[in-house]
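Written below as structure tokens is the structure these notes are about.
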Amino acid sequence: MLKIYNSLKRQKETFKPIEPGKVRMYVCGMTVYDLCHIGHARVMVVFDMIARHLRNTGFEVEYVRNITDIDDKIINRANENNESITDLTERFITAMNEDSNALGVVPPDVEPKATEHMDQIIEMITSLIDKKHAYVGKNKDVYFDVSSFESYGELSGKNTEELRAGERVEVQEDKDDPLDFVLWKSAKADEPSWESPWGKGRPGWHIECSAMSTYCLGNHFDIHGGGQDLQFPHHENEIAQSVCSTGEKFANVWIHNGFVRVDEEKMSKSLGNFFTVREVLKEYQPEVIRFFILSSHYRSPLNYSTDNLEEAKSALSGLYTSLRDTKDAENIEPNKDYVEEFNSYMDDDFSTPKAISVLHELAKELNRCTDKSSKETIEFAATLKYFGSVLGLLQDDPQAFLQAKMGSSDDELGEVEIQKFIDDRSAAKTAKDYAKADEIRDHLVSLGISLEDSPQGTIWRRN
RNA sequence: GGCUGGGUGGCAGAACACCGUAUGCAGCGGUUUGCAAAGCCGCCUAUGUUGGUUCGAAUCCAACCCCAGCCUCCA
């Protein structure tokens, strides 16, 4: 029985899909004006893990993750770069897809773009105006009337009075109420714009998600997710817009993932303390990043540091090591007891740290098996790989993982050279010239290569 | 200031009243090895503070201290 922490209720609740056996999930994706950093990677990996687990436990999943390809930041960045908007957004969409593929993220079923859903956006704004939930301001911008929606603030635990009292809300002449937010911005000169009943303009940020989610998944769907920072105002505003325009309930369950932190601070563009995915990929294999993300619970803060990345690397290497000598077990059923245990953790609000502990237990079982071709060994190996597949891990050839270069840098010793050193050392060993053999091994260690002797010969791995 | 969430061993990270203080990384001892490495066996160290409830609390309650986040664009 799947339990999910619902941000809307601030508690875990048993998940009940609207339509039995089917889950419709919408996640707020990226605004494509720059490269993805580890914070973005977390969203992609976490919701990928959720989709995988849902599918794995028998749900049919329709997963939608949008792309925001028009907004102030994009316009500004394009101007700075002297680049067209579409050139800029296409460039960063490509980059995002590269990063997401590297991290083993299965692409969402639909990736709607704001610019391709203007009709739905305009339609929704129109209905909000018709229903008196929105108005055209003095400056021709269209605003949502927050006072017209009674349960405003439910998701973020805020109430409108407190928000109004807040000193940080700037008073804007064009709005009736400082809390009102923009649905449609009238176009300034030289800005990209679309025709609308209110003149040329472009959508506000919140409305696109309301329009695209209901368009792709229907007015009422199961799960809506995104980073914790979107809870207010973005998701709050989405609820207001969607409920007021459709008259139906919007999303049943709200899932918000925690932040990535650097030195106890949120990783963010404005603080300048972010690391891009491709930057980290230069030092670590993509799967290490994925393992690092999944090793903490999705709602907890995740502290980014080289120590933690190194730990993830060691732990993952241990798992691969246990799989190294096992036979490929394609059609073997995973062990039922372990499956039950694993799923019970995943069903408990996607507790990946607990689930990963099961992988370690299996690795230990595997390492204890002396006969690597026994039925038991094969079953454990198949089970471990199966769990790996649910988490998007352990699908590489173990030896290939252990021998892979650390990152994308080229200054590491190549395989041919390494093998030559190993051959020389073996010759020295045969001649009982251990001093020379050790010298070669020490040399390799200093280059980040460690050797392991076995009756079958010497194998190597990168540290 | 208001509102959320949180403070567990050297580090990371579970458990959320009993029958197990997981799991990993690091460290230490043993085994193994020409010596190593990997593996295996074993060991080490923690529940922010002060009270309360209870047969029993990391787990519930209260106060306090500290941290992060949101209240403005942000995954």
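Letters A, B, ... are given to chains in the order of the sequence lines, protein chains preceding strands, and every chain is numbered from 1.
Here, B:U47 and B:C60 have their C1' atoms 15 Å apart, quoted to the whole Å. Taking the P atoms as reference points, B:G7 lies 25 Å from B:G20, given to the whole Å. Here the separation of B:U23 from B:C41, taken at their P atoms, is 11 Å to the nearest Å. Between B:U45 and B:C40, the two C1' atoms lie 23 Å apart (nearest whole Å). Taking atom C1' in both B:G9 and B:A58, one finds a spacing of 13 Å when rounded to whole Å. For the P atoms, the distance from B:A26 to B:C11 is 16 Å, rounded to whole Å. For B:G10 and B:U53, the C1' atoms lie 35 Å apart once the distance is rounded to whole Å. For the P atoms, the distance linking B:G6 with B:C44 amounts to 31 Å, nearest Å.
Contacts of A:Glu310 with the nucleic acid, taken as non-hydrogen atoms under 4.0 Å apart, are absent. Within 4.0 Å of A:Glu264, counting heavy atoms only, lie sugar-phosphate atoms of the nucleic acid but no base atom. Across all strands shown, A:Ser295 has heavy atoms under 4.0 Å from sugar-phosphate atoms exclusively, and none from any base. Looking at heavy-atom distances under 4.0 Å, A:Tyr345 makes no contact with the nucleic acid at all. As judged by a 4.0 angstrom heavy-atom cut-off over every strand, A:Lys266 is placed among the base-contacting residues. Contact annotation for A:His37: base contact, defined as any heavy-atom pair under 4.0 Å involving a base atom. Backbone-only engagement by A:Arg261 is indicated by non-hydrogen atom pairs under 4.0 Å involving sugar-phosphate atoms exclusively. Residue A:Leu230 is in sugar-phosphate contact alone, with no base atom involved, counting any heavy-atom pair closer than 4.0 Å across all strands shown. Among the heavy atoms of the strands lying under 4.0 Å from A:Gly39 is at least one base atom, whether or not backbone atoms are also near. Contact annotation for A:Arg65: no contact, since no heavy-atom pair falls under 4.0 Å across all strands. Looking at heavy-atom distances under 4.0 Å, A:Val358 makes no contact with the nucleic acid at all. Contacts of A:Gly29 with the nucleic acid, taken as non-hydrogen atoms under 4.0 Å apart, involve only primed sugar atoms and P, OP1 or OP2. In this structure, A:Lys429 reaches the bases: a heavy-atom distance under 4.0 Å links it to at least one base atom across the strands shown. A:Met267 comes within 4.0 angstrom of a base, heavy atoms only.
Considering OG of A:Ser373 and NZ of A:Lys375, their distance stands at 13.5 Å, rounded to 0.5 Å.
Classified by interplanar angle (parallel below 30°, tilted 30° to 60°, perpendicular above 60°), the ring pair A:His256/A:His235 is tilted.
Residue-to-nucleotide proximity on RNA chain B shows that, of A:Ala363 and A:Glu452, the 5′-proximal contact is made by A:Glu452. With RNA chain B read from its 5' end, the first of the two nearest nucleotides for A:Arg10 and A:Lys364 is the one closest to A:Arg10.
A straight line from CG of A:Leu384 to P of B:G39 spans 14 Å, rounded to a whole angstrom. In this structure, A:Asp453 places its CG atom 12 Å from P of B:A36, rounding to the nearest Å.
Screening A:Asp453, A:Asp433, A:Thr430, A:Asp438 for a side-chain hydrogen bond (donor to acceptor under 3.5 Å, both in side chains) with A:Arg425, the sole residue that qualifies is A:Asp453.
Here A:His360 does not reach the OP1 or OP2 of B:U23: none of its side-chain N or O atoms lies under 4.0 Å away. Taking 4.0 angstrom as the limit, A:Asn367 places a side-chain polar atom (N or O) nearer than this to OP1 or OP2 of B:C40.
Side-chain contact of A:Glu236 with A:Ser156: a donor-acceptor pair under 3.5 Å is present, judged by distance alone.
Centroid-to-centroid, the aromatic rings of A:Phe275 and A:His37 stay 6.0 Å apart or farther. A:Phe250 has its ring centre less than 6.0 Å from the ring centre of A:Phe221. Checked against a 6.0 Å centroid threshold, the rings of A:Phe47 and A:Tyr63 do not count as neighbours.
A donor N or O paired with an acceptor N or O is not found under 3.5 Å between the base of B:A75 and the side-chain atoms of A:Arg42. With hydrogens and angles left out, the side chain of A:Gln228 and the base of B:G69 share no donor-acceptor pair within 3.5 Å. Remark: the A:Asp438 side chain and the B:G34 base include a donor-acceptor N/O pair separated by less than 3.5 Å.
Ranking B:A12, B:C70, B:A38 by closeness to the A:Glu311 side chain, first place goes to B:A12. Considering only the side chain of A:Arg368, B:C41 comes nearest among B:A12, B:A75, B:C41.
Centre separation under 5.5 Å together with a plane angle under 30° holds for the ring of A:Tyr434 and the six-membered base ring of B:G34, marking them as stacked.
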